[in-house]
2 protein chains.
Amino acid sequence: MKKITIGEAARQSGVKVPTIRYYESIGLLAEPERSEGNQRSYEPSHLHRLAFIRHARELGFEVDAIRTLLALQDDPNQSCASADAIAKARLIEVEQRIRSLTALKAELEMMVEGCGHGRVDQCRVIEVLADHGQCMHPHH
Amino acid sequence: MKKITIGEAARQSGVKVPTIRYYESIGLLAEPERSEGNQRSYEPSHLHRLAFIRHARELGFEVDAIRTLLALQDDPNQSCASADAIAKARLIEVEQRIRSLTALKAELEMMVEGCGHGRVDQCRVIEVLADHGQCMHPHH
DNA sequence: CTACATCCTCTAGTGACTAGAGGTGCAAGA
DNA sequence: TCTTGCACCTCTAGTCACTAGAGGATGTAG
């Protein structure tokens, strides 16, 4: 058995030590066995779990969604419709967010370009903020 | 004088009532006068401020940045270099975020497309999550 | 044996709100 | 005048996904 400490698990998974403990506390990661001195002792299965969680978090899935995805992973006979739905929902969110950020980008660019680098009373940044009517993009 | 209640201010500014009180509590919005019955009584200047804050928040500026921008607005003689810098920093953030989300979008699309809508053990969504090596995009 | 890193638990803080409890003010209709 | 009912008040606590720090125990290298 190649049991490892929480620090080593953190190093190998890229998830920080307090975050690993946090995942355990919210029931996302199973409680590992403990050493004689009460220190957590992780097995490879925990590392796989951590990698899964980390990747899902990087993709922006919420903890609740990850909980569902993990449950699905544990039951390979199940239909993957739920996993599909979760991923699709996340995709729609991401697309929405990109659209909205692209509109923001355009508005910010206009503000920054319009700034004459002079005094505040001619500054387009402040002006546009103060008067939303000057914003061309109906992003909000 | 056209003083208005907090509810009316909320309606006109699009900022929710508790949020207005929150902005006051953190010193972003000046404390308004009170009626005899201790109710907040807002003037047009407060509404302009709220509109400014709301627009800035929609553009993703943090409260601290907004504090700075508001201070600049109050002092029109000042150089607008700070406002310019804040907007530019935000623009860079937004561009970064768009790039990162675009990479995520590609990965999510591959996951969703690859899903055969069958059982979990053939599901690409779960598979890709479990094995980051299958992810083509070096977004993280 | 002694440093010293790493581990433990627990509490509290982050940002920007949001929700709820428990109470007061105010305007309109009966 | 009373009452209905909404809007307002303050205060505390909850949200999400962590992060920071206190105060102490354990494990390991020299």
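Only heavy atoms go into these numbers, but all of them, side chains included; no hydrogens, no water, no symmetry mates. Here is how names work: the chains are called A, B, and so on, in the same order as the sequence lines, proteins then strands, and each is numbered from 1.
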Shortest non-hydrogen separation from A/Gln73 to B/Ala130 and the atoms involved: NE2-CB, 3.4 Å
Heavy-atom check, side chain of A/Leu91 versus side chain of B/Met111, under 4.5 Å: no
Gap between atoms CD and C1', on A/Glu24 and D/dC18 respectively (whole Å): 16 Å
B/Ala65: partners by side-chain contact (heavy atoms from CB on, under 4.5 Å), with sequence neighbours left out: B/Phe61, B/Ile86
Euclidean distance, atom CD1 of residue B/Ile4 to atom C1' of D/dC8 [Å, nearest integer]: 14 Å
Nearest-0.5 Å distance that lies between atom CD in B/Glu107 and atom CG in B/Leu104: 7.0 Å
Near-strand residues of residues 34-42 of chain A, defined as heavy-atom separation under 4.0 angstrom from DNA chain C: A/Arg34, A/Asn38, A/Gln39, A/Arg40
By side-chain contact (heavy atoms from CB on, under 4.5 Å) - contacts of B/Gln39 (at least two apart): B/Ser35
A/Val17 versus A/Gly7, closest heavy-atom pair with distance: CG2-CA, 4.0 Å
Residues which pass side chain to side chain donor-acceptor pair (under 3.5 Å) with B/Asp74, listed by chain and number, not counting sequence neighbours: B/Arg49
Distance in Å, A/Leu69 CG paired with A/Ser82 OG, rounded so as to fall on 0.5 Å steps: 9.0 Å
A/Glu93 and its side-chain contact (heavy atoms from CB on, under 4.5 Å) partner, picked from A/Gln96, A/Glu95, A/Arg97, A/Arg90: A/Arg90
Sugar-phosphate only, base, or nothing, as touched by A/Ile6 at under 4.0 Å among non-hydrogen atoms: sugar-phosphate
Closest non-hydrogen atom pair, B/Ser41 against B/Pro32: O-CB, 3.5 Å
Gap between atom CD1 of B/Ile53 and atom CG of B/Leu28 - 0.5 Å precision: 4.0 Å
Pairs where residues 12-49 of chain A contributes a residue and the test ring pair (Phe, Tyr, Trp, His ring centres under 6.0 Å) is met, not counting sequence neighbours: A/Tyr42-A/His46
Minimum side-chain heavy-atom gap A/Ile6-A/Arg21 below 4.5 Å: yes
Atom CD of A/Gln12 with >12 non-hydrogen neighbours under 6.0 angstrom: yes
Side-chain touch A/Leu72/A/Cys80, heavy atoms, less than 4.5 angstrom: no
Outermost DNA chain C nucleotides near chain B [under 4.0 Å, heavy atoms]: C/dA16 to C/dC26
Partners passing side-chain contact (heavy atoms from CB on, under 4.5 Å) against B/Arg11 (at least two apart in sequence or in another chain): B/Glu8
Nucleic acid contacts of residues 9-20 of chain A, taken as heavy-atom distances under 4.0 Å to DNA chain C: none
Got a list of protein N/O to nucleotides 1-6 of chain D N/O distances below 3.5 Å?
none

Under the side-chain contact (heavy atoms from CB on, under 4.5 Å) test, residues paired with B/Glu33 that sit two or more places apart: B/Lys3, B/Glu43
Between protein and nucleic acid, restricted to nucleotides 15-17 of chain D and to nitrogen or oxygen atoms under 3.5 Å apart, what atom pairs and distances do you find?
| residue | atom | partner | partner atom | Å |
| --- | --- | --- | --- | --- |
| D/dA17 | OP1 | A/Val63 | N | 3.4 |

Euclidean distance, atom CD of residue B/Glu31 to atom P of D/dC8 [Å, nearest integer]: 18 Å
Lys/Arg N to Asp/Glu carboxylate O, A/Arg40 vs A/Glu24, below 4.0 Å: yes
Angle of first-five versus last-five pair axes in the helix from C/dC1-D/dG30 to C/dA30-D/dT1, to 10 degrees: 10°
